[in-house]
Each structure stands twice: as C-alpha cells, then as structure tokens.
Amino acid sequence: MSDTAAYDALLLVSFGGPERREDVIPFLENVLRGRDVPSARMLQVAEHYYEFDGRTPINDQNRALIAALEQEFAARGPRLPVYWGNRNWRPLLPDTVRQMESDGVRRALAFVTSAFSSYSGCRQYLENIEQATRGANSIRIDKLRAFYNHPGFIDAMADRCKDALKTRPGARLLFTGHSIPVSYANTSPYTQQLEESCRLVAERLGRRDWRLVYQSRSGSPREPWLGPDIGEALRELGAGSEAVIAPIGFLSDHMEVIYDLDTEARRTCDELGIGMTRAATVGVHPGFVSMIRDLVLERTEGAPRLSVGNYPPCHDVCPADCCPRS
C-alpha cells in the first residue's frame, strides 16, 4: 500500500455547541478559557443561546454533513468511515480519538469546518489534534488543506447567494466573515483569503456591488478587531435600501448566524427600514460535499489539486510558523 493510500478514516473536526440550557455556561467557559473576555460578555452571549432553549443548530448540521459524506463515499468512494470530534463540546475530540484507536484506525484525514486560515480557524485545530493524539502512539491524523478557493466551495456559495438574490435582485451584497483580533489577522492570510473568496463568488454572480464586513466580535473591548461590523454597514446603507447578507465565513447556519444575522441584523434592518434576505451557508450543498471528497482524493489517490482565482491551492502541511497565536 502506498503512503497516500494508507488512510483508513475521515475525522470531522468542528467547534461544537450545547444542545440544552444547562450546557450553555460550561460550553462557553470551554470556548473562552484563557481569553480576556469579561464575564458580562459571556453572560450576554449565553442569552443568545437561551433564546433558542440552549440548543445550537451546529451539531445537527454536522450530523447532516456526516450523513451526506457517508452517502457520497458509499456511492463514489473512497470507502472510509466518518468520525466526529469537537473542540469545545461533546463529542469532544480526545474522546473521539480514543474511540478511533479502539476501532483500529491507524491513520486518518481530518476535515476542519473552517474554510479560512487564522489562528482559531486553522492553527488551533492543529493544536487540538496534536493534544488529542498525544500519547496515542498507534494513530496519526493529518489535516486536509484549507479550501477557500476550491471551485466546489466557491460554486456552492454562489448558488446560495443566487437563490437569495432572486428575492432581491437589486440588493447590495454584503459578505460576512467572523471578526478576529487585528493582531491575528496580521499574522495570517485570513483577510486575503476572505476577500478572494468574496471576489470569486461575486464574479460567478456577475456582481460588482459587494462588500466584505464582519460579525460576531467576542473579545476584549481594549483590543482592535476586524471591521466594519455588519451593523455599521447596514446603518450606512440607510432607509429604503435592500441587502442580501451572505455569511461566507461560516459553513453552517449555527448560533452566530441565526442570532447575529437572523435575529440581531434583521432587527437592525427592521428599525432602519432596510429590506433584508440572508443567504444560506454551504451546509450540505452537493457541490460542497463533493469538494470534501475531492480533498480526500488528493491525499489518498493523488487526484488533481483544484483551485480558482489568483492564488494556488493551499499547502497540505502548514509551516511551523503559520497563523501563530499573537
């Protein structure tokens, strides 16, 4: 067996989230461990979860993605079992790795539910995987590359935007990414990749009137974060305008989408008299699911490494100094 064919599982690595009210605070404490975030801000975010009875959609959407991948692999190969482990909540990554070891998995590929490279979106997941496998001598896990410019991701997001624009063909197109500290952005290709993805999607749609803005800031008020915020951008549009908001920085409609956009941004639009439609995330779009298979085949069969736009495909193995924690 060749080295590229020696994989025997795919591991979906995600952020995680609570599914009941009593899990919200322990979950947020996991998320914020080691970060300078005021407790008042944590309690404020907890209220977002309580509005939905403590249940985030991210877990159900990961289950749906796993089911879609299993169906894709069964129909087209490769025949790999799919496991799932989270950074912040059950199923926790170390528990999943132990289960994989028990099942006899020796070498796995990891698909991380983040399209863009930053400390929290890439490097931290590598650290999570390293920590989870520490002491596990019989298993190796290799992360699949970043895919912000893979045609499968771009085309799937363009389809989601196209559907939203049908309801408001003259609307301003606002892409949103998760805000991160400027210090993290300065040591990673995060903003470059986001801007390139937005440009490629807008190009597919034949749209020039687009803008990249940010959402979901959660850090210390003393530290500068990427902006402008989606709320600021909406206020700049003014009454009588129309907006299609496309959360390109998120792969599924989880809490930071259904609260920060569907609840908070919509409230702002209603107050300002702005017509708003929110585009869906890529989720389980068939093209996106097929893209994950493409990424696997790059590593298992040496399949072509696909990309579009101004930059080449991302590297398989991140350099040691890639996306450091500032």
Side-chain angles (χ1 to χ4, degrees), residues 10-66 82-100 108 110-134 136 141 143-144 146 177-181 184 188 190 215-220 225 247 249-260 281 283 323 325-326:
L10 177 67
L11 170 62
L12 180 74
V13 186
S14 194
F15 191 80
E19 297 190 85
R20 53 183 188 167
R21 293 180 68 89
E22 52 265 45
D23 292 338
V24 170
I25 294 299
F27 161 73
L28 291 175
E29 288 173 341
N30 281 347
V31 173
L32 300 175
R33 184 178 295 117
R35 294 174 57 188
D36 182 20
V37 178
S39 60
R41 173 58 179 162
M42 183 185 75
L43 296 175
Q44 181 185 30
V45 173
E47 291 298 325
H48 302 174
Y49 286 87
Y50 294 147
E51 285 198 28
F52 299 89
D53 205 30
R55 186 179 182 88
T56 174
I58 191 172
N59 291 336
D60 286 338
Q61 293 182 10
N62 279 329
R63 294 181 184 107
L65 181 57
I66 289 168
V82 183
Y83 292 83
W84 170 31
N86 291 322
R87 171 186 292 169
N88 296 301
W89 204 246
R90 296 184 288 267
L92 289 167
L93 185 56
D95 297 334
T96 300
V97 168
R98 282 193 289 271
Q99 182 61 56
M100 293 168 71
F111 176 77
V112 169
T113 56
S114 173
F116 303 97
S117 301
S118 66
Y119 173 72
S120 57
C122 183
R123 171 62 56 186
Q124 190 174 6
Y125 280 114
L126 287 170
E127 292 173 357
N128 297 151
I129 292 169
E130 192 275 330
Q131 290 161 4
T133 55
R134 192 173 294 156
I141 299 174
K143 178 182 171 295
L144 292 167
H178 200 303
S179 185
I180 63 172
Y184 283 19
S188 74
Y190 182 71
Q215 63 170 93
S216 309
R217 171 179 175 149
S218 61
S220 168
W225 282 52
F250 302 82
L251 301 185
S252 64
D253 295 5
H254 54 75
M255 185 58 66
E256 288 171 307
V257 173
I258 65 170
Y259 184 84
D260 295 355
T281 49
C323 304
R325 183 169 189 165
S326 176

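All values reported here derive from a predicted model rather than from experimental measurement.
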Which atoms form the tightest heavy-atom contact between Ile58 and Ser252, and what is the distance?
CG1-OG, 4.0 Å

Less than 4.5 Å apart, side chain to side chain, heavy atoms only: is that true for Phe15 and Thr113?
no

Nearest-0.5 Å distance, CG of residue Leu43 to CG of residue Leu28
9.0 Å

I'd like to check His254 versus Thr281 (side-chain heavy atoms, cut-off strictly below 4.5 Å). Are they in contact?
no

Student check: side-chain heavy atoms of Met255 and Val45 closer than 4.5 Å
no

What I'd like to find out is whether the side chain of Leu11 reaches to under 4.5 Å of the side chain of Leu93, using heavy atoms alone.
yes

Side chain to side chain, Trp89 and Glu19, heavy atoms closer than 4.5 Å
no

Do Thr56 and Tyr49 have side chains that get closer than 4.5 Å, going by heavy atoms?
yes

Geometric class of the His178/Phe250 ring pair [parallel <30°, tilted 30-60°, perpendicular >60°]
tilted

In terms of heavy-atom contacts, Ser117 and Ala146 come closest through OG-CB, 3.7 Å

If you take all heavy atoms of Gly17 and Asn59, which pair is closest and at what distance?
O-ND2, 2.7 Å

Scanning both residues in full, the closest heavy-atom pair of Ile180 with Tyr184 reads CD1-CB, 4.0 Å

On a heavy-atom basis, the closest approach of Lys143 and Val112 is CE-CG2, 3.9 Å

Check: Ser118 and Ser188 side chains under 4.5 Å, non-hydrogen atoms
yes

Listed partners of Leu32 passing side-chain contact (heavy atoms from CB on, under 4.5 Å), at least two apart
Arg35, Val37, Met42

Within the side chain of Asn30, is there an N or O that forms a donor-acceptor pair under 3.5 Å with the backbone of Asn88?
yes

What are the two closest heavy atoms between Ala110 and Ile129, and how far apart are they?
CB-CD1, 3.9 Å

State, yes or no, whether a side-chain contact exists between Arg21 and Asp53 at a heavy-atom distance under 4.5 Å.
yes

Charged N-O contact under 4.0 Å between Arg134 and Glu130
yes

